[in-house]
Amino acid sequence: QVQLVESGGGLVQAGGSLRLSCAASGRTFSTMGWFRQAPGKERAFVAGISRNIGRTRYAEFVKGRFTISRGNAQNTVHLQMNSLKPEDTAVYYCAAGNDRILLSYDYWGQGTQVTVSS
């Protein structure tokens, strides 16, 4: 059974930082990523990374502020979020799959809340 577990969400002031982590179990994935969903909005792609060569892809609205990386353990991924803005407030979801373009994923975590206060 595939399971993705996120951690690291919380409340932070604008300009602050948070680090999200995700551990996947049940099978091996070639790509992992992060999405987010703010209240009243659709789920949006944030960042993705390939497991083998570490190729990354970012949404325009997080470039230069967020960094996705692979963890030391297989099937783990982190999202370092710096210079956070109130508009970054959302539920952040970890995702896993095998899409080389890093945009399509098959498995999802339950989500972790990130709240940025102004």
Side-chain angles (χ1 to χ4, degrees):
Q1 180 179 359
V2 174
Q3 189 174 18
L4 280 67
V5 179
E6 304 104 334
S7 62
L11 173 65
V12 65
Q13 289 187 333
S17 299
L18 280 175
R19 187 173 188 248
L20 305 182
S21 297
C22 174
S25 60
R27 57 169 292 180
T28 301
F29 301 98
S30 60
T31 60
M32 295 186 73
W34 291 93
F35 285 69
R36 73 186 189 186
Q37 187 167 18
K41 296 188 177 181
E42 294 186 352
R43 187 174 298 188
F45 172 78
V46 174
I49 188 168
S50 65
R51 180 171 63 89
N52 291 337
I53 62 174
R55 183 169 59 90
T56 58
R57 184 169 190 156
Y58 293 94
E60 284 297 325
F61 54 80
V62 302
K63 281 184 178 179
R65 299 189 299 125
F66 292 10
T67 303
I68 189 170
S69 62
R70 296 168 296 177
N72 292 329
Q74 193 176 43
N75 277 356
T76 61
V77 65
H78 306 291
L79 185 68
Q80 178 66 41
M81 306 186 294
N82 299 329
S83 301
L84 283 162
K85 306 175 182 180
E87 50 264 44
D88 293 318
T89 295
V91 177
Y92 284 71
Y93 296 90
C94 177
N98 298 289
D99 177 32
R100 295 180 180 180
I101 304 177
L102 303 179
L103 291 176
S104 179
Y105 296 85
D106 303 308
Y107 298 93
W108 300 85
Q110 292 299 308
T112 185
Q113 177 70 47
V114 171
T115 303
V116 184
S117 63
S118 58

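Not measured: the values here are computed from a predicted model.
For the atom pair CZ (R70) and CG (N52), the distance works out to 7.5 Å, reported to the nearest 0.5 Å. With rounding to the nearest 0.5 Å, the separation of CD in E42 from CZ in R36 is 14.0 Å.
Residues D99 and L103 form a side-chain contact, since some pair of their non-hydrogen atoms from C-beta on lies under 4.5 Å apart. You'll find the side chain of T89 reaches within 4.5 Å of the side chain of Q113, heavy atoms only. Taking 4.5 Å as the limit, some side-chain heavy atom of W34 sits within range of a side-chain heavy atom of V77. Between Y93 and R43 the shortest side-chain heavy-atom distance falls below 4.5 Å.
At least one donor-acceptor pair closer than 3.5 Å links the side chain of S50 to the backbone N or O of R55. Using a distance-only test at 3.5 Å, with no hydrogens or angles considered, no donor-acceptor pair links the side chain of D106 to the main chain of G97. Using modelled atom types, no side-chain atom of Y58 and backbone atom of G64 make a donor-acceptor pair closer than 3.5 Å.
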Practice prompt. Report the C-alpha separation of F29 and R51 in whole Å, then their side-chain angles, then the decisive distance to 0.1 Å, and conclude whether the side-chain contact (heavy atoms from CB on, under 4.5 Å) test is met.
Written response: CA-CA 7 Å; F29 301 98; R51 180 171 63 89; 5.8 Å; no

Worksheet entry | side-chain contact (heavy atoms from CB on, under 4.5 Å) evaluation trace for V114 with M81 | CA-CA 10 Å; V114 171; M81 306 186 294; 3.9 Å; yes

Worksheet entry | Criterion side-chain contact (heavy atoms from CB on, under 4.5 Å) on L102 and I49, from CA distance to verdict | CA-CA 7 Å; L102 303 179; I49 188 168; 5.7 Å; no

Item to complete: Take W108 and C94, measure what side-chain contact (heavy atoms from CB on, under 4.5 Å) needs, and give me the verdict at the end.
Response: CA-CA 6 Å; W108 300 85; C94 177; over 6 Å; no

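A96 and L4 get closest at one heavy-atom pair: N-CD2, 3.7 Å. The shortest heavy-atom contact between F61 and A44 is CZ-CB, 4.5 Å.
Cluster annotation: Y107 and Y92 are assigned to distinct hydrophobic clusters (Ile/Leu/Val/Met/Phe/Trp/Tyr, side-chain heavy-atom contacts under 4.5 Å, transitive). If you chain together hydrophobic residues whose side chains sit under 4.5 Å apart, M32 and F35 never meet in one group.
In this view, F66 satisfies the ring-ring contact (aromatic ring centres under 6.0 Å, His included) rule with no residue, not counting sequence neighbours.
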Per-pair distances, 0.1 Å, donor-acceptor, side chain in residues 9-27, under 3.5 Å, sequence neighbours excluded:
| unit_1 | atom_1 | unit_2 | atom_2 | d |
| --- | --- | --- | --- | --- |
| S17 | OG | N82 | OD1 | 2.9 |
| S21 | OG | H78 | ND1 | 2.8 |

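The number of heavy-atom neighbours closer than 6.0 Å to CD of Q110, taken from other residues, nucleotides and ligands shown, is 12 or below.
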